[in-house]
Amino acid sequence: MGRVAELSGASVRMLHHYDRIGLVRPSARTSAGYRAYSAGDVERLREVLAFRRLGFGLREIADLVDDPAADTAARLRRLRGLLVEQRDRTAAMVAAIDRELEGRAMGIRTTPEEQLKVLGARLYERIGLDYPATRRTEPRIAARIQQALGDARTVLNVGAGTGSYEPADREVIAVEPSAVMRAQRPAGAAPCVAANAERLPFPDDAFDAAMAVSTVHHWPDPIAGLREMRRVARRVVVFTYDADTPGWLDRFWLTRDYLPEFGALLADRPSLADMARAIGGRAEPVPVPWDCADGFFEAHWRRPEAYLDERVRRAVSVWTRVGARAERRAVDGLRADLDSGRWAERNRELAALDSAELGLRLLVG
């Protein structure tokens, strides 16, 4: 036990406590009567300590590590998702502090309320503050989603946000974990439940269809969330992104020339094929119209000046996740190229296009 305590950073007293409450019980004893941990015991201890350091209570941890529906790989994916979420929250706070320091250097002071909002905000809640101004329903994408939903009468919208793409002619229930996003849902919007995609509080086959729009990348465990959608609905429709095609980072000038860090954000994401398998579906390309009304990351591919607008960037999680330094370098580089005419020269073929293939996909299962 002493060696395990030394390697794990847990105290012997803590390990004794975990043994007493049945959370991590050593499988064997040495000839001298000391507790001996098997490889499986160490694996379980690693999960327990990781969840503990993320702030989970011991009862919650016991439920997680004893979940009969999740094997070790599934629990590791869940743990990884939570760690990524924690990293993103930290990155959002660092970026906000960097902006405040820059403002202070110019004599601009933030109010106490602004300071508390920044330090208390989760990533999705932070970017959600700017959603109403720049993230609206794009009717051509909405039409594709409606078509994919087919004749479904009851629809579950998972990771619903403010409800931009919820069909008005069907019976919809929304699921959204962010209080900020829920608060911005308009009057008359579908009823909204506070829950996570990975644990949908509905029985099997409760809905004709389940949909998720531009949200899977925010989920701690995308595959688990997609399987949950498949469990509760007979049809699943997901609007997401393809990062599997060779050279995918170069298909959009913004990631190719100014923000290569975007690639690292998706490096550990499940593949498009894995996501399609999780719902038993297929992937269909969704071109982005040049005048796209929904201000997601790729929306302004023919309107580059939009990316110079702080409000546009704050409504897209990518900019917070890459960090303030990368954001500043990308924006400064783009601004310089727009002023010099270099951007127009390099991307002159875009002016003739009404839509662009930038990797957006509709998964239909």
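Every heavy atom of this structure was used, including side-chain atoms; hydrogens, water molecules and symmetry mates were not.
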ask   = Which atom names give the shortest non-hydrogen contact between Glu349 and Leu353, and what distance separates them?
value = O-CG, 3.8 Å
ask   = With the threshold set at 4.0 Å, does a side-chain nitrogen-carboxylate oxygen contact exist between Asp332 and Arg329?
value = no
ask   = Asp337 and Tyr258: side-chain donor and acceptor closer than 3.5 Å?
value = yes
message = Salt bridge check, Arg269 against Asp244: does any charged N sit closer than 4.0 Å to a carboxylate O?
response = no
ask   = Taking C-beta and beyond as the side chain, do Val193 and Pro201 meet within less than 4.5 Å on heavy atoms?
value = yes
is_close_aromatic(His217, Tyr241), centroid dist under 6.0 Å = no
message = I'd like to know whether Arg346 forms a salt bridge (Lys or Arg N to Asp or Glu O under 4.0 Å) with Asp257, so could you lay out the CA-CA distance, the side-chain angles of the two residues, the decisive distance to 0.1 Å, and finally the verdict.
response = CA-CA 10 Å; Arg346 183 184 290 169; Asp257 300 330; 3.2 Å; yes
query = Does Glu284 CD have over 12 foreign heavy atoms under 6.0 Å away?
reply = yes
ask   = Should we say atom CZ of Arg342 is surrounded by more than 12 heavy atoms from elsewhere, each under 6.0 Å from it?
value = no
message = I'd like to know if Arg231 pairs up with Glu228 as an ion pair, taking the criterion as any Lys NZ or Arg NE/NH1/NH2 lying under 4.0 Å from an Asp or Glu carboxylate oxygen.
response = yes
message = Salt bridge check, Glu166 against Arg185: does any charged N sit closer than 4.0 Å to a carboxylate O?
response = yes
Side-chain touch Leu308/Leu338, heavy atoms, less than 4.5 angstrom = yes
ask   = Are Arg235 and Asp208 within salt-bridge range, i.e. N to O under 4.0 Å?
value = no
query = Would a 4.5 Å heavy-atom cut-off, applied to side chains only, mark Val24 and Asp19 as touching?
reply = no
Test item: Asp291 and Arg140 side chains (from C-beta on) under 4.5 Å apart, heavy atoms = yes
message = Do the side chains of Asp66 and Arg44 get close enough for a salt bridge, i.e. N-O under 4.0 angstrom?
response = yes
Sidechain N-carboxylate O distance under 4.0 Å for Glu261, Arg325 = no
request  = Say whether Asn347 and Arg256, considering side chains only, have a donor N or O and an acceptor N or O under 3.5 Å apart.
outcome  = yes
message = So if I apply the ring-ring contact (aromatic ring centres under 6.0 Å, His included) rule between Phe252 and each of Trp301, Phe297, Phe262, which one comes out positive?
response = Phe297
inquiry  = Is it the case that atom CD in Gln147 sees more than 12 heavy atoms from other parts of the structure closer than 6.0 Å?
reply    = no
query = So does Arg303 have more than 12 non-hydrogen atoms from other groups sitting under 6.0 Å from CZ?
reply = yes
ask   = Looking at side-chain heavy atoms only, is the closest gap between Val238 and Met229 below 4.5 Å?
value = yes
ask   = With the threshold set at 4.0 Å, does a side-chain nitrogen-carboxylate oxygen contact exist between Asp274 and Arg277?
value = yes
